[in-house]
Amino acid sequence: EVQLVESGGGLVQAGGSLRLSCAASGFSLDDYSIGWFREAPGKQREWVSCISMGDSSTYYADSVKGRFTPSTDNAKNTVYLQMNSLNPEESAVYYCAASDYGKECRVLSSHNYDYWGQGTQVSVSS
């Protein structure tokens with residue numbers, strides 16, 4: 001079965017760091033663009049970052065640029081999101097997703113992603 005399994009969420013103090021993991025099974029992430037999203041209660045799902053299929057270019061939302069870094073480990077078929085200097089306002093459920101659309105990932109919308117992780121809760125305390 002095609003799956004994305006997320007881990008690494010938890011509780012962290014403001015200013016702290018977390019690294020989220022997203023492990024793929026049933027398909028190779030080499031053939032997909034990978035997006036990271038977050039969703040806080042009552043709010044729209046927000047795009048955070050992505051890695052484009054093919055050229056592996058990375059893109060970031062302005063709000064996280066310089067603090068969040070996506071990366072890949074092809075041998076483990078896993079992608080990561082390193083999150084530094086976290087703010088309480090960034091508490092949310094974080095999702096990874098995979099898309100085979102073949103477009104530069106920064107132009108994709110949520111509905112263009114075929115597979116989604118189960119989400120992992122990130123709670124940032126003050």
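For the single chain, residues carry numbers from 1 onward in sequence order.
- The distance from the SG atom of Cys105 to the CD1 atom of Ile34 is 9.5 Å, given to the nearest 0.5 Å.
- Between the OH atom in Tyr115 and the CG atom in Leu29 there is a gap of 11.5 Å [rounded to 0.5 Å].
- Inter-residue side-chain proximity for Lys76 and Ser21 is flagged as unmet; no heavy-atom pair is nearer than 4.5 Å.
- Between Gly119 and Glu6 the shortest heavy-atom distance is N-OE2, 3.1 Å.
- Side-chain contact check for Ser110 versus Trp116: some heavy-atom pair is nearer than 4.5 Å.
- Between the OG atom in Ser49 and the CZ atom in Arg67 there is a gap of 12.0 Å [rounded to 0.5 Å].
- The shortest distance between side-chain heavy atoms of Ser33 and Tyr101 does not fall below 4.5 Å.
- Shown are Tyr94, Tyr113, Tyr95; of these, the ring pair (Phe, Tyr, Trp, His ring centres under 6.0 Å) with Phe37 is made only by Tyr113.
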Ser17 and Gln82: side chain to side chain contact (heavy atoms under 4.5 Å, CB included), yes or no, with the steps?
CA-CA 7 Å; Ser17 299; Gln82 179 68 45; 3.9 Å; yes

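- In the hydrophobic cluster analysis, where Ile, Leu, Val, Met, Phe, Trp and Tyr join through side-chain heavy atoms closer than 4.5 angstrom, Phe68 is grouped together with Val12.
- The nearest pair of heavy atoms linking Ser52 to Lys103 is OG-O, 4.4 Å.
- Closest approach of Ser126 and Ala14 over heavy atoms only: CA-CB, 4.3 Å.
- Within the 4.5 Å cutoff, side-chain heavy atoms of Tyr60 are placed close to those of Pro70.
- The backbone N or O of Ser57 lies less than 3.5 Å from a partner atom in the side chain of Asp55, making a donor-acceptor pair.
- Among all heavy-atom pairs drawn from Ser99 and Leu108, the shortest one is OG-CD1, 3.6 Å.
- The heavy-atom pair separating Leu4 from Cys22 by the smallest distance is CD2-SG, 3.8 Å.
- Linking ILVMFWY residues whenever their side-chain heavy atoms come closer than 4.5 Å, directly or via other members, leaves Val93 and Leu18 in distinct clusters.
- Atom CD1 in Ile51 sits 6.5 Å away from atom OG in Ser71 (nearest 0.5 Å).
- Side-chain contact between Met83 and Leu20 is present, with at least one heavy-atom pair separated by less than 4.5 Å.
- Taking 4.5 Å as the limit, every side-chain heavy atom of Arg38 sits out of range of all side-chain heavy atoms of Leu81.
- Judged by distance alone, the side chain of Asp30 and the main-chain N or O of Asn74 form no donor-acceptor pair under 3.5 Å.
- The shortest side-chain heavy-atom distance between Trp36 and Val79 falls under the 4.5 Å cut-off.
- The aromatic rings of Tyr32 and Phe27 stand perpendicular to each other, their planes meeting at an angle above 60°, with 30° marking the opposite boundary.
- Residues Ser28 and Asn77 form a side-chain contact, since some pair of their non-hydrogen atoms from C-beta on lies under 4.5 Å apart.
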